[in-house]
Structure formats: C-alpha cells, structure tokens
Engineer: 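Please find one structure pasted underneath; my questions will follow.
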Amino acid sequence: MGGIWQTPGAQRYDRGVRGALVIVFAATAVGCVAGKSREVRLVDIALRTFDLAATPPSVDAPGWVQVSLPDTWRMESRRRHRAAWYRAVVALREAPGTPWAVYLPRVVQNAAVFVNGVSVGDGGSMDPPLPRNWNRPLLLTVPAPLLRAGDNIVAVHVVVEPTAPGHLRSFYVGPLEAVRPLFTQRTWWQVGFVQVIGGGTLAAGLLLLAFSLSTPAFARLRWIAVALVCWAWSNADAFVHEPRIPTRLWEWSTASALVCCPVTFVLGFHRLLDHRRPQLEALLVGTAVALLVALATVPPVWTFATMIVSVGVVVTMTFYIMRLGLRGAATKQARRAVLLPTAAVVVGALHDVAAVTAGTSPLGLLLSPYLPLLAMGFLAWQLLMNHLASVQATEALARTLEQRVEEKHAELERNYVSLQALERDRAVAAERERIMQDVHDGVGGQLVTALALVERGADGAASDVTEVLRSALDDLRLVIDSLDPVDCELLSVLGSVRARLEPRLLQHALAMRWEVRDVPPIAAFGPQMALQVMRVVQEAVTNVVKHARATTIVVRTGAGTAPDDRRSVFVEIGDDGCGYDTAAPRGRGLTSMERRAARLGGQLEVVTSPTGTTVRLWIPIGADAAVAPLTG
C-alpha cells in the first residue's frame, strides 16, 4: 500500500482544488458584503454593562462603558458575569414607513433585542440550557411604528453559559428587505452549507464503516471511517439548535469528537500505509484521553481555554498526518495532491484558533466546518484514481494473460502435432516389429525347413516341401488377415481362420464342426491380439493334422471363469484322435501356444486322453487382457 497516492490525475486534482478554494473564499467574502445599501447602518461602537436584568438598564445606571465591536469578554468578566447589555444609538432623519430589522451576524451565546425599550425578539430561551446560537446569525424584525426620526436606542441583551466566552460582533440595523439578503447568505454559509457538508461526511463515514466491517478489502479504512464520523459530530451544532441534554455534556461530546478525529485519522493512515508504530499510537491515544478527561473535569470557566488547547493539539496531529501523506506519495504530483488538502486543513484550523482567540475573523467565518468537504473530496479523488489504476492494471493483466494463453495454445498445438507424429511413428514401428517377428517365427522358419528338405533331396521330399510351403502360405495369410479391421470381435477372427484352414482340412479328410457363439467383448482387442489367437488356433489344428489321426475337429467359444479365477472367454479346439503321451518331451507347438497365450494375458489349458485332445485358450475380458511385448 505504500504507493496508494500514485494517481495519474494528481496534477489536475491539484489545480482543481486550488480553483475550488478560490471560488469558495471569494463567494464567502462576496456573501458577507453583498446586498448592503446606504440605509443599512453598521453598529461597531456601543456601551456595555454587565447586568442580569431582563429589561434594558437605564442609561444613568452605573457600570456602562464604551466598547468597540466585536467585543469578547475577558476572563475576569467571565468569572463574575453571565449576561451583559449593549446599548447603541441609531439616528434616523425620518421615521421609516416599512419594517426594519436588527441583524446580528455572530453572538455568543444567545441574545434578545430591544428597540426604544420594546422587545423585538430573541434567539430562543434565555435560561439554561441556552440555544446553540454561537454559529447562527439572528435576524429580528423591527415594526415601523417603533422607530422615530432622530435617535433610536437599540439594546442587545447577551447571555452565555459558564463554559463559553461572551461575545458580540458588530451588527447591522436597516430596512428588512435590505438586511434580509445579508442574513440569508450568512445563514447559508454558517448553517446550511455546514449541514450539507456534515451530513455528507457522516453518510460517507457510516457507509465506509459498514464496508470496512463487512468487506475485507476495506478493512484498512475502518479507522478513517471512524474519523469521518467524529468530524461530522464535531459540527453537530449546525443541526441541533436546542439540545435536550446539559450544555456541559453536549459541548464535551462535540469537543471530544474533534479531539478523536485526528487520532483516528492517524490510526487509519498507519494501517493504510502499513506502518507499525504502537508506541506513537499509544501516545496519541493517551493524549486524547487526557484531553477528554480535562474537558470533563476542569472548572466551567476554563472549558473554553481547554478547548483551545485541544484544537492546538489537533493542529499538531494534522502536521503529522501531512507528513504521513507525503511519505506515502511516490511522485511529485502525488505529494502536491497530498500537501494541498492537508495544508488547507492546517491553515483553516490555525485561522479559527486565531479568530476565536482574538474575537474577530478576517474572512468573517470559521473555516473548520468546511474542511471535511476538502478532505472527503481528496479521499474520493484518491479512491477514484486508485480504482481507475486498478482497472487499468486489470485490463493490462488481462491482455497479458490473453497473449500468454494464445502463446500456450499455439505451443500446445505444436506439441500435439509433434505428439501425433511421434505416436504415429511409434505405432508404425511397433507394427513393423510385430510383422517382422511374426514373419520370422512363422513363414521364415517354414521356408528354412523347405530349403533343408530340398537340399537333402530325400525321397518324397517333394510332397514334404509342398506341405511346408502350404503352411508357410497359410501363415503369411494369417499375418495379412490380422491387419484387416476386425471390429474388436473374436468371432470375426475365428471366421477368418476357418476360411483359411477348412480347405486344408478337407485335403486330409478332416471334418470341422463349428460350435462358435457370441461372447462378451474383450478389452483392447486389436490386430496383435487377433494374430496371437489365430496362431494358437492354427497351431492346434496343425498338431491335429500331423499327430492325432482324428476324423473331426470341433471349434467352440464361450465365457466363464478361468483357472486363475478371472472372468474370461475361451476358444476351444478339440478332436477325436488318439491323444498324446504326456510323459514324452513337449513339442515346439505346445510351447509356442503357451507363449502366445501368455502374451494375451491369458492361459492355455490342454486335456488329452486316448479318445482325443482338447486345447482351451482362456482370454481375460477386463483390463488384464493385453498383449505382452514381443521377446525373441
């Protein structure tokens, strides 16, 4: 998160916010002076006396002193008095024919106005708890009959709580229609606009807090959300005119929110920037707790001074927040984007401290209520820029991934083509090796035998050579037949063997009885397995022809359990010959059949007796059915 302030729009943001500040301050200044007419009188000098009386004291009463407005009570006056009267003279050439008004831009904390000894209104209850009028201008209408040509006495009764300093700013007296725009503009800037900012800050804080509690991605913004809520509550006086709780408790809650605001901002920035500073955080929290305790326990007359000290601590923390923002910024534009709003917060806070302490403001307004708008705008801009940066990074990543997927797809296609070629070459090589092995074992051996018979030139060699060559030809045909598609069916293979062997059996006066029936399919039954089955059947039939002196050969198929307890199908070749001597040495034909049965993953079972011999080839049905590699 160290680069969170890297926003491509920081420079545009810098210029935009500076322009917005100029517009706001210019509008403020214009709003404070616009609308004045020559008939509007500014009262900036008055007589003052401290008195709790509900009606104006006479001008002859002791204690009247001349003061310049704005007037802020000194500490010794605040210790002894809770109310004061201000008396000013407004001279008119002639009695007005329309209503006039007394406009009080700022009074701490409440005021009642009398014109020529008659009450024209007040800002609410004059008894504790007093209304929160310190930030609200007052406009009190003066009926035309109350005014006369010559001197008119305007008396303002100011009442304060023990926790607040008495204060009356210079005020205006003039025609209602001329004074009302001044009141309306200031009311908007001091109350309406602050309500908009405060409501927006509170809504943003609560929304961000809800997201931070429910969404892990927003967890680091939890303390910043709390800071926004605290900031909004510190301006609660803009929403509540007459609190229903004691003034001391109400002021403590708003002041506490202001103190907690920078502390929670610091905690939030630490987590946002992955800073681990537990000792500093403990110091800040301890300082905040000490200030909250002081605000709650100091004597009421010292509450305002304690609040000023608290604001000074807040400003100090704001400097640290500015430093955090600058350290988190990675570019010059980003540092300017951080520096501008934080510097505005510091300047605004210092301005308000000076204004409250001196009792007057160069701009005529306190700036603190407007600072959340700047902070929220900055935060919203940063979130927007971060979102745009995330979107751009996601799009770039997506493009990179698409490119990599295309490259991998092309690579896979190339590998697949190479693999196909490799598999094809391997299959061709395996088939070539199989055919060569079969030709070598079958046709090759028989041709060697025929060659030996011819070379000996023995009597009757011609008939023997003929028989050997017929066997070689049959063997070659079996090899060729094994290459034909058989649809993985054993019966098709046996049909091919029958077609090749039956004419030869007829020459030897042997009858073939065909008792073949459907059997379950055999797994992976292909040319290699087909050839092994053909050779076993051929070898069995050849043995019958040569040695059994039989008249009938029976070929059967079926399914059952082999001697090794596997589910298998069998091919059985039986005859009605004389059998053979089991004690005699085994011939090559029987050994060859057993070897081929093993290649099929099956078994060869031979039963002989004087009445005939039965050869049964068991072939497993399941995954065990496979051709073993050729050896030799």
Engineer: With ring pair (Phe, Tyr, Trp, His ring centres under 6.0 Å) as the criterion, how do Trp250 and Trp233 come out once you've worked through the C-alpha distance, each side chain's angles and the decisive distance to 0.1 Å?
Structural biologist: CA-CA 11 Å; Trp250 175 264; Trp233 183 252; 5.5 Å; yes
Engineer: Taking all heavy atoms of Ala238 and all of Val191, pick out the closest pair and write down the distance.
Structural biologist: O-CG1, 3.8 Å
Engineer: Arg136: which residues meet the salt bridge (Lys or Arg N to Asp or Glu O under 4.0 Å) condition with it, sequence neighbours left out?
Structural biologist: none
Engineer: To the nearest 0.5 Å, what is the distance between CG on Leu292 and OG1 on Thr297?
Structural biologist: 10.5 Å
Engineer: Between Glu39 and Arg93, is there a salt bridge with N-O shorter than 4.0 Å?
Structural biologist: no
Engineer: Using every non-hydrogen atom in the two residues, find where Val59 and Trp64 come nearest and quote the distance to one decimal.
Structural biologist: O-CD1, 3.6 Å
Engineer: Evaluate the criterion salt bridge (charged side-chain N to carboxylate O under 4.0 Å, His left out) for residue pair Arg132 and Glu251; output intermediate values, then yes/no.
Structural biologist: CA-CA 10 Å; Arg132 311 297 297 173; Glu251 291 181 344; 3.0 Å; yes
Engineer: Please report the interatomic distance CZ(Phe211) to OG1(Thr215), rounded to the nearest 0.5 Å.
Structural biologist: 6.0 Å
Engineer: Measure across Ile45 and Ala88 and return the closest heavy-atom pair with its distance rounded to 0.1 Å.
Structural biologist: O-CB, 4.2 Å
Engineer: Out of curiosity, Thr49 OG1 to Tyr86 OH, how far, rounded to the nearest 0.5 Å?
Structural biologist: 10.5 Å
Engineer: List the steps and the verdict of side chain to side chain contact (heavy atoms under 4.5 Å, CB included) for Arg48 and Leu168.
Structural biologist: CA-CA 11 Å; Arg48 182 196 67 193; Leu168 178 64; over 6 Å; no
Engineer: How about Gln279: does its CD atom have over 12 heavy atoms from other parts shown lying under 6.0 Å from it?
Structural biologist: no
Engineer: Within this structure, what is the CG-OG1 distance for the pair Asn235 and Thr201, rounded to the nearest 0.5 Å?
Structural biologist: 7.5 Å
Engineer: Could you measure the distance from the CH2 atom of Trp134 to the CG atom of Asn110? Nearest 0.5 Å is fine.
Structural biologist: 14.5 Å
Engineer: Could you walk me through whether Arg169 and Val107 pass side chain to side chain contact (heavy atoms under 4.5 Å, CB included), step by step?
Structural biologist: CA-CA 6 Å; Arg169 186 178 171 182; Val107 61; over 6 Å; no
Engineer: Evaluate the criterion side chain to side chain contact (heavy atoms under 4.5 Å, CB included) for residue pair Val102 and Leu138; output intermediate values, then yes/no.
Structural biologist: CA-CA 8 Å; Val102 176; Leu138 299 179; over 6 Å; no
Engineer: Should Tyr103 and Val40 be marked as a side chain to side chain contact (heavy atoms under 4.5 Å, CB included) after you check the CA-CA gap, both sets of side-chain angles, and the distance that decides it?
Structural biologist: CA-CA 10 Å; Tyr103 164 48; Val40 176; over 6 Å; no
Engineer: What pair of heavy atoms forms the shortest contact from Arg186 to Gln190, and how long is it?
Structural biologist: NH1-OE1, 2.5 Å
Engineer: Short question: side chain of Glu161, backbone of Gln109 - any donor-acceptor pair under 3.5 Å?
Structural biologist: no
Engineer: Measure the spacing between CG of Leu280 and NE2 of His270 and express it to the nearest 0.5 Å.
Structural biologist: 5.0 Å
Engineer: Under 30°, 30 to 60°, or over 60°: which ring-plane class applies to Trp231 and Phe265, parallel, tilted or perpendicular?
Structural biologist: perpendicular
Engineer: Verify the distance criterion only: is there a donor paired with an acceptor across the side chains of Asp51 and His81 at less than 3.5 Å?
Structural biologist: no
